[in-house]
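Worksheet for the structure shown next.
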Amino acid sequence: MIFATVGTQLPFDRLIRGLDKWAAANNSVEVYAQIGRGQYEPQHIAWIRDMTPQDFRRRVSECSTVVAHAGMGSIISGLELGKRVIVMPRLASLGEHRNEHQLATVARLEHLNGFEVAHDSGALAEALDRQDVNIEVAAPLAADPALIGAVRSFSGLVSA
């Protein structure tokens, strides 16, 4: 199962549109998305606008791949649980964010095993098409529990 999330702060229709288009051509793959307050409503994937932190954690735990904006809460949650993470950074140049900090985020993390960056819907489709490829995912993240707790608190995530 693929779980997609756009976070809680801003809509991200470009990511959801691209994922929905891919799902239309790959209807045998289960896809579930948290779409936030975007205007686009997917036609080919199951979706919800908002979810509790507990449901978010459960979805990440159950999926094989996390597709997300380049928010640290989503990235850390996926990598911590040993999931393949595909991110599409929001672009301020397209009015998706206030600045281009998500580009800096992915530039610092793109070397990690199991972490992929898709800058547009074509690259997202290519990454998703590799779904059945044996991709070596980085070992689940290990960090000081106080640090993980602080990040979760800051990003609104809670432990399962």
Side-chain angles (χ1 to χ4, degrees), residues 1-20 22 30-40 42 45-121 123-124 127-128 131 135 137-160:
M1 190 245 311
I2 295 170
F3 171 59
T5 180
V6 301
T8 58
Q9 295 183 16
L10 300 167
F12 197 11
D13 286 344
R14 182 168 61 100
L15 183 148
I16 298 301
R17 237 186 222 102
L19 181 61
D20 196 39
W22 180 86
E30 182 183 359
V31 180
Y32 188 85
Q34 176 269 321
I35 69 167
R37 297 287 165 216
Q39 293 182 1
Y40 181 76
I45 60 178
W47 58 274
I48 190 169
R49 289 205 181 273
D50 299 303
M51 61 180 25
T52 65
Q54 294 82 6
D55 194 31
F56 173 87
R57 186 77 170 179
R58 182 178 61 80
R59 294 283 178 177
V60 173
S61 294
E62 294 173 352
C63 75
S64 59
T65 300
V66 174
V67 174
H69 66 117
M72 288 307 298
S74 301
I75 293 168
I76 289 171
S77 293
L79 294 177
E80 178 185 31
L81 293 172
K83 304 301 177 172
R84 177 183 182 211
V85 177
I86 303 171
V87 298
M88 180 185 287
R90 297 178 196 268
L91 299 175
S93 62
L94 298 178
E96 297 166 341
H97 220 308
R98 295 172 288 283
N99 59 45
E100 302 292 12
H101 75 276
Q102 290 196 353
L103 291 174
T105 297
V106 299
R108 294 284 294 179
L109 300 176
E110 63 189 349
H111 69 281
L112 296 174
N113 289 336
F115 183 84
E116 298 173 68
V117 180
H119 289 282
D120 56 40
S121 59
L124 177 61
L128 290 168
Q131 182 68 20
I135 294 176
V137 177
L141 292 180
D144 183 284
L147 174 62
I148 291 174
V151 171
R152 280 197 183 118
S153 175
F154 177 75
S155 65
L157 300 175
V158 296
S159 303

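Just the heavy atoms: all of them, side chains too, but no hydrogens, waters or symmetry mates, feed the values below.
Between I45 and A33 the shortest heavy-atom distance is CD1-CB, 3.8 Å. When all heavy atoms are compared, the tightest approach of V66 to K83 is CG2-CB, 4.2 Å. For the pair I86 and A118, the tightest heavy-atom approach, listed with the atom from each and the gap, is CG2-CB, 4.3 Å. Nearest heavy-atom pair across G18 and S121 is CA-CB, 3.8 Å.
Counting heavy atoms from C-beta outward, M88 and F12 have side chains that approach closer than 4.5 Å. By the 4.5 Å heavy-atom criterion applied to side chains, F56 and S74 are counted as neighbours.
A46 is linked by a side chain to side chain contact (heavy atoms under 4.5 Å, CB included) to Y32, counting only residues two or more places apart in sequence or in another chain. For E62, the side chain to side chain contact (heavy atoms under 4.5 Å, CB included) test picks out M1, R58, with sequence neighbours left out. Partners of R37 under the side-chain hydrogen bond (donor to acceptor under 3.5 Å, both in side chains) rule, at least two apart in sequence or in another chain, are D50. Evaluation of the salt bridge (charged side-chain N to carboxylate O under 4.0 Å, His left out) rule for R49 yields E41 as partners, not counting sequence neighbours.
In this structure, the separation between CZ on R17 and CD on Q39 is 8.5 Å, given to the nearest 0.5 Å. To the nearest 0.5 Å, atom CG of residue L128 and atom CD1 of residue I2 are 5.0 Å apart. For the atom pair R84 CZ and N113 CG, the distance stands at 12.5 Å (nearest 0.5 Å). The distance from atom CE of M51 to atom CZ of R57, rounded to the nearest 0.5 Å, is 13.5 Å.
Judged purely by atom type and a 3.5 angstrom limit, W47 uses its side chain to pair as donor or acceptor with the backbone of P42.
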I'd like to know whether V60 forms a side-chain contact (heavy atoms from CB on, under 4.5 Å) with E80, so could you lay out the CA-CA distance, the side-chain angles of the two residues, the decisive distance to 0.1 Å, and finally the verdict. CA-CA 10 Å; V60 173; E80 178 185 31; over 6 Å; no

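Among T5, V67, I35, D120, the one residue that satisfies the side chain to side chain contact (heavy atoms under 4.5 Å, CB included) test with L15 is V67.
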